[in-house]
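Report on one structure; see the data block that follows.
Residue numbering restarts at 1 for every chain, and letters A, B, ... go by the order of the sequence lines.
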Amino acid sequence: MAGKAFFPINYSPMAFNKRVKIKAVLDQDLIGQEITLMGWVRTKRSNKNVSFIALNDGSIITNYQVVADPNLISEEVLKKCSTGACLKVTGTVVASQGAGQSSELNAKSIEILGEADPEKYPLQPKKHSLEFLRDIAHLRMRTNTFSAVFRVRHALAFAVHKYFNDKAFFYIHTPIITGSDAEGAGEMFRVTTLDLKKLPTTSEGAIDFKQDFFEKETNLTVSGQLEGELAAMALGEIYTFGPTFRAENSNTTRHLAEFWMIEPEMAFYDAEDNQNLAEDFLKYVIQYALNNCAEDLNFLAQRALEEENTKPADQRAELGLIEKLKFVVENDFVRLTYTEAIDILRNSNHNKKKKFQYLIEEWGADLQSEHERYLVEKHFKKPVILTDYPKQIKAFYMRQNEDGKTVAAMDILFPGIGEIVGGSQREERMDKLTQRMQEMHIPEEELWWYLDTRRFGATPHAGFGLGFERMVLFVTGMGNIRDVIAFPRTPGNAEF
RNA sequence: UCCUCCUUAGCUCAGUUGGUUAGAGCACAUGACUGUUAAUCAUGGGGUCCUAGGUUCAAGCCCUAGAGGGGGAGCCA
């Protein structure tokens, strides 16, 4: 996993065009060679004799300095090399006379591919607030921060596939449009081609979905898990990685209405196997980013540090971004049961001094995020795998433990993020499963196909769901999930 | 959905006890400068003070309603 191998710019003996990526220029010694760069102007500094253009093409966070001599490049062209303009520059790579870079491009010719009127172009060579950039999400990837975030996001997505492929898991595409509304993971977005102004009705006055496209009610998926289990019952170890939709009215820094979720599902795994996989997987993906995104992570670490410094001293994080990522990779996650967690919380000084908004009194209550944060950020100061929750507060498909009170659930809690993984060993015993479905009013006839896996060749199995954007949030050190997905969908916002 | 804070130039913000012509930095334009690093220096243009209504001799500032945004909570990944 060497750093240089990850972005093999002009990797192929046959590049598809003549330009060289800036990443490739910086990775090689090209002094004396004539090359063509294409990219966008970040800043231009001029005097009577020379202009310096900082060019960025997105291949790497670093800008490359183009030196333009007004005797060679016309005043008209130089004037159009304003912030945001797109240029094709041909010239010779030379050792730089300036201090900020080892080489630079002496421009022989500059072609303006696309102008950017400096009076109207919203991005300026200065700091912008993340909130302002969110309003111009179509342009924000041209900034250092967002280009770094999206390069890291790519690396993490690639690492997910690499991890599972190397472990011989199969990538399954579960449906985006689902005909079952019994998955119970949240409010759903309806999919229909019916005319909303003239809804057909049945003789009883209900909407007649027989006339809809699929001849039944359909929604966007809230989870691929149930279908994933079907695949695991044939292929053994599988994973999904796809878009997921929740129509919850959630307005937080860690919820999206459209997000990407990774859901491995493994036949023959028990709860502990599941935990071992999840921990190893998280560490691998983070290590992959550390190995392959050093420049971007260093930039993001600096950005995060500056943001930390605006906070009061007692609220600042102890570790910088890189240190935090290394810490997670190098240390075992803490594993404890819900019951043990309740004991720790109940006996904590924090609880005794009534500093929790919701005081811990008895076994069975769901943990509030203040409790999860206390365990992860104050008590253990490392990622925590919480297991064996009361069955009342967990989903119907989780395997019932022998105590009759708990299920083989696991949540992985990360500092600053909260729940990043939710999973469980699944209930493979038909009688136990249908009993829970009845208790929780899940209609068995809707899930006949799911129950068939328990009728035919059932086996212990387990899996989990990982919110991809929460992972990106953690690795990039960004504070708001809307800033780690290109075009966030949240209540009241589906622009772009 | 609830709690809370915010909305003044392109951006980030200041604006005193309600008082005359609303300010700064950056950005932008023009000029200066023999190699700059978010260059520097000088000059200049730029305002629906979120919207609607109200109180007042007088509202950026006070009151009511609404819109948009931030943070926290719930739901969860």
Determine the interplanar angle of the A/F464 and A/F281 rings, folded into 0 to 90°, and report it as parallel if under 30°, tilted if 30 to 60°, perpendicular if over 60°.
tilted
A/L367 vs A/N493, nearer the 5' end of RNA chain B by closest nucleotide
A/N493
For A/I61 and B/rU37, what is the distance between atoms CD1 and P respectively, to the nearest whole Å?
20 Å
Of the nucleotides B/rU37, B/rU30, B/rA77, which has the atom closest to the A/I481 side chain?
B/rA77
A/E469 near the nucleic acid: base, sugar-phosphate alone, or nothing, with a heavy-atom cut-off under 4.0 Å?
nothing
Closest to the A/E248 side chain, choosing from B/rU37, B/rA73, B/rC75
B/rC75
Interatomic distance, A/I136 CD1 vs B/rA27 C1' [rounded to whole Å]:
13 Å
Would you indicate which nucleotide in B/rA29, B/rC76, B/rG71 comes nearest to any side-chain atom of A/P118?
B/rA29
Are the side chain of A/E104 and the backbone of A/V94 linked by a donor-acceptor contact shorter than 3.5 Å?
no
Taking Watson-Crick and G-U wobble contacts under 3.5 angstrom, with | marking pairs to another strand and [ ] crossing pairs, the secondary structure of RNA chain B is written (((((((..((((.....[...)))).(((((.......))))).....(((((..]....))))))))))))....
In whole angstrom, give me the gap between the C1' atoms of B/rG60 and B/rA22.
8 Å
According to the interplanar angle, ranging from 0 to 90°, do the rings of A/F396 and A/Y450 count as parallel (below 30°), tilted (30 to 60°) or perpendicular (above 60°)?
perpendicular
Students often get this wrong, so: under 4.0 angstrom with heavy atoms, is A/E370 touching a base, only sugar-phosphate, or nothing?
nothing
Between A/F158 and A/Y288, how do the two ring planes meet: parallel, tilted or perpendicular, split at 30° and 60°?
tilted
If you measure from the C1' atom in B/rG25 to the same atom in B/rG46, how many Å do you get, rounded?
15 Å
Nearest to the side chain of A/T252 - B/rC28, B/rG74, B/rA77?
B/rG74
Spell out, as yes or no, whether a donor-acceptor pair under 3.5 Å connects the side chain of A/E427 to the backbone of A/Q400.
yes
Can you find a side-chain donor-acceptor pair between A/Y64 and A/D57 that sits under 3.5 Å?
no
Aromatic plane relationship, A/Y338 with A/Y389 - under 30° parallel, 30 to 60° tilted, over 60° perpendicular
tilted
In whole angstrom, what separates A/Q124's CD from B/rG10's P?
10 Å
Tell me the interatomic distance from A/D117, atom CG, to B/rG10, atom C1', rounded to whole angstroms.
12 Å
Planes under 30° and centres closer than 5.5 Å, is that true for A/F468 with the base of B/rA77?
no
Nearest to the side chain of A/K126 - B/rC26, B/rU34, B/rG74?
B/rC26
Would you mind classifying the nucleic acid contact of A/L123 as base, sugar-phosphate or nothing, using non-hydrogen atoms under 4.0 angstrom?
nothing
For B/rU1, take OP1 and OP2 only and decide whether either is under 4.0 Å from a side-chain N or O of A/N249.
yes
Heavy atoms only, 4.0 Å cut-off, all strands: where does A/R42 land among base, sugar-phosphate and nothing?
nothing
Are the side chain of A/E295 and the backbone of A/T62 linked by a donor-acceptor contact shorter than 3.5 Å?
no
Base, sugar-phosphate, or nothing for A/T253, non-hydrogen atoms under 4.0 angstrom?
sugar-phosphate
Given B/rA38, B/rG70, B/rA77, which nucleotide is nearest the side-chain atoms of A/T43?
B/rA38
Considering every strand and a 4.0 Å limit on heavy-atom distances, what is the contact class for A/G465: base, sugar-phosphate, or nothing?
sugar-phosphate
Does a nitrogen or oxygen in the side chain of A/K79 sit under 4.0 Å from OP1 or OP2 of B/rU30?
yes
Counting only side-chain heavy atoms from C-beta out, which of B/rC28, B/rA77, B/rC76 sits nearest to A/E119?
B/rC28
Could you tell me whether A/F52 contacts a base, only the sugar-phosphate backbone, or nothing, with contacts defined as non-hydrogen atoms closer than 4.0 Å?
base
Using the test ring-ring contact (aromatic ring centres under 6.0 Å, His included), find all partners of A/Y121 that sit at least two apart in sequence or belong to another chain.
none
What nucleotide, of B/rG70, B/rC11, B/rU36, holds the atom closest to the side chain of A/E131?
B/rG70
A/G467 or A/G492, whichever maps to the more 5' nucleotide of RNA chain B:
A/G492
NA contact type, A/E372, heavy-atom cut-off 4.0 Å: base, sugar-phosphate, or nothing?
nothing
Could you tell me whether A/S96 contacts a base, only the sugar-phosphate backbone, or nothing, with contacts defined as non-hydrogen atoms closer than 4.0 Å?
base
What is the distance from CG of A/D135 to P of B/rG68, rounded to the nearest Å?
13 Å
Could you label the plane-to-plane angle of the A/F164 and A/Y239 rings as parallel, tilted or perpendicular, counting under 30° as parallel and over 60° as perpendicular?
parallel
Considering only side-chain heavy atoms of A/N49, which listed nucleotide, B/rG35, B/rU34, B/rU1, is closest?
B/rU34
Describe the nucleic acid contact of A/A99 in one word from base, sugar-phosphate, nothing, applying a heavy-atom distance below 4.0 Å.
base
What's the closest nucleotide to the A/K127 side chain, out of B/rG35, B/rA77, B/rA38?
B/rA38
For a quick check of understanding: with a heavy-atom distance under 4.0 Å over all strands, which category does A/S250 fall into, base, sugar-phosphate or nothing?
base
Starting at CD of A/Q65 and ending at P of B/rA39, how long is that distance when rounded to a whole Å?
10 Å
